[in-house]
Protein chains: 2
Amino acid sequence: MENIDSTYLAKLQDHYAENGVLPPYSTIMGIVGMKSKSPVAALVARLKLQGYLESTPEKRLKPGRRFFERPIFDSVRAGFPSPAGDANHDTLTIDEFLVSHPSSTVLVNVKGDSMIDAGILPGDTVIVEKRAVANVGDLVIAIIDNEFTLKTLGKEKNGYVLIPANPAYPVIRPKGDMEIFGIVVGQFRKYK
Amino acid sequence: MENIDSTYLAKLQDHYAENGVLPPYSTIMGIVGMKSKSPVAALVARLKLQGYLESTPEKRLKPGRRFFERPIFDSVRAGFPSPAGDANHDTLTIDEFLVSHPSSTVLVNVKGDSMIDAGILPGDTVIVEKRAVANVGDLVIAIIDNEFTLKTLGKEKNGYVLIPANPAYPVIRPKGDMEIFGIVVGQFRKYK
DNA sequence: ACAATAATGGAACGAACGTTCTATTGTCAA
DNA sequence: TTGACAATAGAACGTTCGTTCCATTATTGT
């Protein structure tokens with residue numbers, strides 16, 4: 001992608017992040033610094049070709065699949081990336097990366113600190129695929145005493161157990177069958 | 001809110017989740033099962049009053065502050081989706097939740113374990129807003145010896161320092177000015 | 001059952017839309 | 001410098017928009 005198109009795309013991404021919609025061409029003119037809808041139409045056509053924008057049936061613009069790509073750096077390369085989207089950067093789309101099966105995936109807030117040594121803090125959100133079957137070693141959401149609990153699934157000779165990652169909490173050995181709500185496939189946290 | 005309005009709102013939320021935009025009134029008619037734009041206008045007025053919808057300067061609809069309120073699971077309560085606490089995030093996409101300023105945001109892979117006690121593990125990805133100025137206490141990506149390093153920004157009498165969250169690592173006291181690449185606004189991890 | 005009110009359907013209208021065209025300006029290569 | 005091509009500005013146009021109005025239907029209370 002040309003550098004100038006990256007700059008225009010970034011301005012559209014900011015507008016979308018702030019407003020939740022993409023504007024009409026006449027407004028895009030102002031956003032990208034053009035004085036006519038003609039070059040906006042040309043820009044839109046280029047961005048459509050590359051998967052960043054699409055049109056709705058009503059001829060409005062909507063984000064394309066690539067609209068939410070974000071540049072990603074390897075932390076051992078302090079590279080001085082140019083912000084206006086060096087086209088050679090790797091990119092990652094967070095939702096596509098974290099959510100494989102949207103129809104069976106839910107987000108669950110983490111309330112306690114029983115998994116703190118595994119890097120899961122209170123206030124984090126975990127991404128849960130709803131499944132009743134899990135493997136030993138999986139992070140799972142189980143239902144104990146009608147409450148969700150997040151633990152690692154373990155196995156002892158008497159059956160399955162739930163292992164915390166915090167020495168202040170005991171291993172849970174449920175009587176009877178253990179109910180698994182789902183397996184944890186991801187986690188995220190916001191600082192600001 | 002009236003139950004019927006909740007149903008209409010849910011249909012609009014689904015449309016938005018799928019398309020990334022809200023449609024014009026004529027399309028909303030079809031979505032909610034009305035045959036005229038008049039009752040759509042009345043519905044929109046009600047939803048605006050309650051903070052679910054807003055208008056753009058171009059008279060298009062955009063999500064209001066409350067549009068993203070959706071039931072999500074709260075981990076202390078079992079099994080049935082119920083509204084989480086007031087201050088909880090709600091989001092249609094994780095990207096939307098974590099990325100506020102796309103044009104200045106990049107992702108950085110975490111390689112070391114110097115922040116392990118802060119719940120940031122090797123292999124995690126952090127979301128970085130590129131800024132040269134940070135506050136004490138912020139998680140920052142700094143550039144030391146031409147490499148990225150992730151630490152908490154601290155202050156000593158001789159200047160700013162970089163504080164790890166792992167006792168195996170020393171506080172870093174850069175000679176001369178410290179170069180801040182950006183501040184860390186979020187983090188995510190994938191398990192499977 | 002009847003009256004009052006609310007909700008909906010359909011029509012109308014000025015404004016804005018996306019698209020296309022032409023003229024002008026800008027860029028690049030010889 | 002000149003010519004060819006690309007990019008942009010400005011104008012035009014048929015379509016669609018959001019808004020408003022009025023008539024009809026639905027709902028509610030007495």
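Reminder, nothing fancy here: chain letters follow the sequence lines and each chain counts from 1. All figures in this text were calculated on a predicted structure; none of them were measured in a lab.
- Partners of B:Phe188 by ring-ring contact (aromatic ring centres under 6.0 Å, His included), not counting sequence neighbours, listed by chain and number: A:Phe97.
- Across the protein-nucleic acid pair, B:Arg46 atom CZ and C:dA6 atom P stand 13 Å apart, rounded to whole Å.
- Atom pair A:Asp5:CG and D:dA6:C1' shows a separation of 14 Å (rounding to whole Å applied).
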At under 4.0 Å between heavy atoms, how does the protein contact nucleotides 15-23 of chain D? Give one character per nucleotide, 5' to 3', with B, S or -. --SBBBB--
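- Side-chain contact annotation: B:Ser55 with B:Lys62, donor-acceptor N/O pair under 3.5 Å absent.
- Applying the side-chain hydrogen bond (donor to acceptor under 3.5 Å, both in side chains) definition to pairs two or more places apart or across chains, those involving residues 182-192 of chain A are A:Asp124-A:Gln187, A:Asp124-A:Arg189, A:Gln187-B:Gln187, A:Arg189-A:Tyr191, A:Lys192-B:Asp138.
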Between B:Ser114 and B:Lys151, does a side-chain hydrogen bond (donor to acceptor under 3.5 Å, both in side chains) hold up when you go through it step by step? CA-CA 8 Å; B:Ser114 67; B:Lys151 298 286 182 291; 3.1 Å; yes
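- Chaining together hydrophobic side chains whose heavy atoms lie under 4.5 Å apart places B:Ile116 alongside B:Leu121.
- Of the possible polar contacts, one joining the B:Gln13 side chain to the B:Phe67 backbone as a donor-acceptor pair under 3.5 Å is found.
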List the steps and the verdict of side-chain hydrogen bond (donor to acceptor under 3.5 Å, both in side chains) for B:Ser103 and A:Asp14. CA-CA 6 Å; B:Ser103 62; A:Asp14 277 353; 2.4 Å; yes
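- Summarising the geometry, the separation between CG on A:Leu47 and P on C:dG18 is reported as 15 Å, rounded to the nearest angstrom.
- Using a 4.0 Å cutoff on non-hydrogen atoms, the parts of residues 28-36 of chain B near DNA chain C are B:Met34, B:Lys35, B:Ser36, ordered by number.
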Donor-acceptor pairs are to be reported for all side-chain atoms of residues 152-161 of chain A against protein atoms at under 3.5 Å, with residues two or more places apart or in another chain.
unit_1   : atom_1 : unit_2   : atom_2 : d
A:Glu156 : OE1    : A:Arg173 : NE     : 2.7
A:Glu156 : OE2    : A:Arg173 : NE     : 3.3
A:Glu156 : OE2    : A:Arg173 : NH2    : 3.0

